[in-house]
Structure formats: C-alpha cells, structure tokens
Amino acid sequence: MVIDSENERERLAEAWWITLPFVIIPSAAIAAGALTLLTITIIFAPSLHDRLMIAWLGPHWTETADASMVEMERATNAIFTLAMMQALTISSSAAVTVAIIVSLVASRQIVQPIDHLLQVTRRIAAGHYAERAPLIGDRELIRLAGCPI
C-alpha cells in the first residue's frame, strides 16, 4: 500500500490509535488469564497428581512397592506435568492469537465508519460545505452523521 499524502498518513495513524485499545485490552485480559492458568498448573499439578496416585494406590504404597515402582511414579509425575504445561502453553497461545484476530476484525468494524465520518468532517471544516456524511454504521453513528450542526 502506497501512502501518497501527509493527510493520508495522518489519517492512518489516527485510525491505528483508535483501533489499538480494542486490540490490546481483550488480548491483555486473555494473556493474563492464560498466564494465571499456567501458573496455577505449575503450582498445583504435581501435588494433585501425587494425591490421586495415593488415593489410587493407597497411603502406604511406597513402603510395599519396589524401587522401580517408586521411580516409575516419579517419572510419570514429571511426564504428566510436562504434558500439561505443553498443552496449556499451546492452548494459551492459540487463545491469545484468536483474541488478537477477533479484536482486529471487530475494531475495524467500529473504527472504519468513525474514520470515514472524521474524513468528511475535515473536508467540511476545510470549506467543502456540500460534502455529506453517508448514513452507514450502527444506530448511534447514523444519528451522529445525520445530526444537523
């Protein structure tokens, strides 16, 4: 995309700054949730696994099991924790990516009519009094565009 005028550059910069909060806020909220999920998993997954193993095998299973069984339980715990971390990392990354994409699409739907109305307003302010804003967008934006000054 070639930007041929200073006004066009300014307009694109304004559109970006209007769009930015619609992208950052939802993405930050989902990233915070994903980070919380990962942290809680790191803290609680090993002890939960141990509790489930004790409930399944009995509270004194280490006394009756041989060394290879105890070592296998430790290895299983480590593999379980690693698998949980990988799954949560992948799903958290996917959630943040989807949030960014949805935010960009949704914000564009909001910003585009406002940006167009801003362009028309600038042309009117520059003396082009015959310029009219098209009545497109949400109900509130249509009311704004059709409002007599």
Side-chain angles (χ1 to χ4, degrees), residues 1-57 59 61-62 70-149:
M1 181 165 107
V2 177
I3 301 173
D4 57 356
S5 73
E6 187 63 34
N7 287 340
E8 183 68 14
R9 281 186 206 151
E10 186 178 304
R11 188 186 71 73
L12 287 173
E14 282 179 357
W16 173 248
W17 282 110
I18 292 171
T19 303
L20 200 57
F22 292 107
V23 175
I24 288 178
I25 293 169
S27 300
I30 289 178
L35 185 61
T36 302
L37 190 62
L38 288 170
T39 303
I40 296 299
T41 300
I42 289 169
I43 293 169
F44 290 109
S47 64
L48 290 173
H49 181 266
D50 289 345
R51 282 189 210 161
L52 290 172
M53 289 300 286
I54 289 171
W56 183 50
L57 297 173
W61 76 273
T62 54
V70 174
E71 186 55 37
M72 189 167 85
E73 191 278 330
R74 286 188 187 121
T76 303
N77 192 358
I79 291 169
F80 167 76
T81 302
L82 180 62
M84 287 297 297
M85 292 303 300
Q86 289 176 347
L88 288 171
T89 300
I90 291 167
S91 61
S92 297
S93 299
V96 170
T97 302
V98 169
I100 290 171
I101 291 168
V102 169
S103 297
L104 284 170
V105 170
S107 67
R108 199 70 207 135
Q109 297 297 316
I110 295 168
V111 171
Q112 208 167 22
I114 294 171
D115 185 48
H116 186 68
L117 187 57
L118 181 62
Q119 290 175 34
V120 170
T121 304
R122 285 193 176 138
R123 286 194 293 268
I124 292 171
H128 303 277
Y129 299 117
E131 187 80 34
R132 294 290 174 253
L135 301 176
I136 58 171
D138 291 338
R139 183 180 56 182
E140 292 83 7
L141 191 58
I142 291 172
R143 287 181 54 209
L144 180 64
C147 180
I149 296 176

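- To the nearest 0.5 Å, the span separating CG on L52 from CZ on F80 amounts to 8.0 Å.
- The side chain to side chain donor-acceptor pair (under 3.5 Å) test applied to E131 returns R123, not counting sequence neighbours.
- Minimum interatomic distance between P59 and I54 (heavy atoms only, all atoms of both residues): CA-CG2, 3.7 Å.
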Practice problem: Report the C-alpha distance between M53 and N77 in whole Å, list the side-chain angles of each, state the deciding distance to 0.1 Å, and finish with yes or no for side-chain contact (heavy atoms from CB on, under 4.5 Å). | Solution: CA-CA 9 Å; M53 289 300 286; N77 192 358; over 6 Å; no

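- Among M72, R74, E73, the one residue that satisfies the side-chain contact (heavy atoms from CB on, under 4.5 Å) test with T76 is M72.
- To the nearest 0.5 Å, the span separating CG on L48 from CD1 on I43 amounts to 11.5 Å.
- Every residue meeting the side chain to side chain contact (heavy atoms under 4.5 Å, CB included) condition with T41, not counting sequence neighbours, appears here in chain and number order: A45, M84, M85, L88.
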Quiz item: Do R122 and L118 pass the side-chain contact (heavy atoms from CB on, under 4.5 Å) test, and can you show the C-alpha distance, the side-chain angles, and the key distance before you say yes or no?
Solution: CA-CA 6 Å; R122 285 193 176 138; L118 181 62; 4.1 Å; yes

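- Rounded to the nearest 0.5 Å, atoms CG (L38) and OG (S92) are 4.5 Å apart.
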